[in-house]
There are 2 protein chains.
Amino acid sequence: MMELTRKGEYAIRGIIYLARLKPGSVALISEIAESTGVPQTFLAKILQSFAKIGLVNSFRGTGGGFVLGRPPAKITLLEVVEAVEGPIMPNRCMMDESGCEFSRTCLVHPVWREVQSKVVQILGSVTIEELSKGE
Amino acid sequence: MMELTRKGEYAIRGIIYLARLKPGSVALISEIAESTGVPQTFLAKILQSFAKIGLVNSFRGTGGGFVLGRPPAKITLLEVVEAVEGPIMPNRCMMDESGCEFSRTCLVHPVWREVQSKVVQILGSVTIEELSKGE
DNA sequence: CTATAAAAGACAAAATCGGTCTTAAAGGGC
DNA sequence: GCCCTTTAAGACCGATTTTGTCTTTTATAG
Ligand code: SF4
Ligand code: SF4
């Protein structure tokens, strides 16, 4: 249960790589992929989707590449994870009320809500900047 | 991310149903399945696997059926979930050290460990007895 | 105009999910 | 010993998701 997919893992590695870039420089997808050990075309897809939501900026052509869309201190791990995996949802019954006929009386439901909020809290309190500090 | 499978959800429903049984009585798989809204043959598989690990006891033939293997106060939600879904593992790098070449220096790793321990703590502190109290 | 690099989208193998179906085995009542 | 009931075991299966690849297009710098 609760396993991050490779896509999620790769996304985090890519974002952290970009956070470590020295200011003003851009990174080629080939460079990021090799350095993080991620299949290049797969990572490209992920970063493209990030570009669409503004999490990263991208430039085409000679001298192009990727940079973060915001300072790493303003990006949380939660944001990155949810951008690729969707919202943190320990159980289906959390998204829509009508998901489960028992949801009104169910005592398990609140437990899943607690799990959800704890995970959101943990991941939301970690910034990409912190994660990029190590060597 | 982090979604309980139907199998996990069904397992919980089945166990709670058994916990509500009045002492001394057994439940037919057909009865449990209908009452919890779970496909019967699928639930049978789940409970069979539970019988193997002693979480429930089963009896064949006339008058047979399922009962809990232990008092519901001694069964945690964590146990039930892990029995069907495997251990709580937010990321692959948690199971074996050799899972990731970066694990020694990685700053994300500890975050996943925190998530893991929090979830284990929450699910481990809820007993099936508590969950079966409602109507 | 050309070389470069990301964007877009079709394709697909493999794994996992969410079951079903059939046959066997065990136990109770007669 | 013979049914009837009920779980056990295992083969099987379609749908979906994961984890990518490949090809073509578009934008840009020089
Ligand atoms: S039974 Fe409870 S926990 Fe399960 S899906 Fe319904 S509301 Fe959620
Ligand atoms: S990079 Fe860090 S979080 Fe990702 S798999 Fe490796 S150790 Fe785990």
Side-chain angles (χ1 to χ4, degrees), chain A residues 1-14 17-18 21 25-34 36-69 81 83-87 89 91-92 100, chain B residues 1-14 17-18 21 25-34 36-69 81 84-87 89 91-92:
Chain A
M1 184 206 178
M2 312 219 350
E3 204 148 327
L4 192 70
T5 63
R6 298 201 188 268
K7 193 165 148 192
E9 166 67 21
Y10 294 162
I12 297 168
R13 290 192 203 177
Y17 183 92
L18 292 180
L21 236 45
S25 61
V26 305
L28 296 184
I29 186 69
S30 56
E31 165 196 343
I32 311 173
E34 187 180 15
T36 57
V38 173
Q40 178 172 333
T41 57
F42 198 14
L43 183 60
K45 287 293 174 207
I46 296 168
L47 290 189
Q48 277 163 27
S49 77
F50 282 177
K52 236 175 279 186
I53 60 176
L55 207 50
V56 307
N57 288 331
S58 62
F59 309 95
R60 304 204 252 201
T62 313
F66 291 90
V67 286
L68 283 188
V81 169
V84 286
E85 311 260 3
M89 285 279 174
N91 202 347
R92 288 166 164 78
C100 175
Chain B
M1 183 205 180
M2 311 218 351
E3 204 147 327
L4 191 71
T5 63
R6 300 204 186 264
K7 196 165 146 191
E9 166 67 22
Y10 294 163
I12 297 168
R13 289 192 203 177
Y17 184 93
L18 291 180
L21 235 46
S25 59
V26 305
L28 297 183
I29 187 71
S30 56
E31 164 197 343
I32 310 174
E34 187 181 14
T36 56
V38 174
Q40 178 171 332
T41 56
F42 198 16
L43 183 60
K45 287 292 173 207
I46 297 168
L47 291 187
Q48 278 163 27
S49 77
F50 282 178
K52 237 175 276 185
I53 60 175
L55 207 52
V56 306
N57 289 332
S58 63
F59 308 96
R60 301 204 254 199
T62 313
F66 292 89
V67 285
L68 283 188
V81 169
V84 287
E85 309 260 5
M89 285 281 174
N91 201 348
R92 287 166 164 82

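Labels below follow one simple rule: chain letters A, B, ... track the order of the sequence lines, proteins then strands, and each chain is numbered from 1. Keep in mind that this is a model prediction, so the values were computed, not measured.
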* For side chain to side chain contact (heavy atoms under 4.5 Å, CB included), just list the numbers for B:F66 and B:N57, CA-CA rounded to whole Å, side-chain angles, deciding distance to a tenth of an Å, and then say yes or no. => CA-CA 6 Å; B:F66 292 89; B:N57 289 332; over 6 Å; no

* Step by step, would you call A:L4 with A:V81 a side chain to side chain contact (heavy atoms under 4.5 Å, CB included)? -> CA-CA 9 Å; A:L4 192 70; A:V81 169; 4.2 Å; yes

* To do: Start with the C-alpha gap between B:I32 and B:L47, add the side-chain angles, then the distance that decides, and say whether side chain to side chain contact (heavy atoms under 4.5 Å, CB included) holds.
  => CA-CA 10 Å; B:I32 310 174; B:L47 291 187; 3.9 Å; yes

* Candidate pair B:Q48 and B:S58, rule side chain to side chain contact (heavy atoms under 4.5 Å, CB included), full reasoning -> CA-CA 8 Å; B:Q48 278 163 27; B:S58 63; over 6 Å; no

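Contact annotation for B:L28: backbone-only contact, meaning every heavy-atom pair under 4.0 Å involves sugar-phosphate atoms and none involves a base. Among the protein residues, B:I29 comes within range of the sugar-phosphate backbone only, with heavy atoms under 4.0 Å from sugar or phosphate atoms but none that close to a base.
Side-chain contact of B:E9 with A:N91: a donor-acceptor pair under 3.5 Å is present, judged by distance alone.
The outermost nucleotides of DNA chain C lying under 4.0 Å from heavy atoms of chain B, listed 5' to 3', are C:dC17 to C:dG28.
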* **Per-nucleotide protein contact string for nucleotides 14-27 of chain D, where B marks a base within reach and S marks sugar-phosphate only (heavy atoms under 4.0 Å, - for neither)** => -----SSB----BB

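Between the CZ atom of B:R92 and the OG1 atom of A:T5 there is a distance of 7.5 Å, given to the nearest 0.5 Å. Summarising the geometry, atom CG belonging to B:L55 is positioned 7.5 Å from atom CG belonging to B:L68; distances are rounded to the nearest 0.5 Å.
Partners of A:E85 under the salt bridge (Lys or Arg N to Asp or Glu O under 4.0 Å) rule, at least two apart in sequence or in another chain, do not exist in this structure.
Both B:A27 and A:F59 lie near DNA chain D, and the one whose nearest nucleotide falls closer to the 5' end is B:A27.
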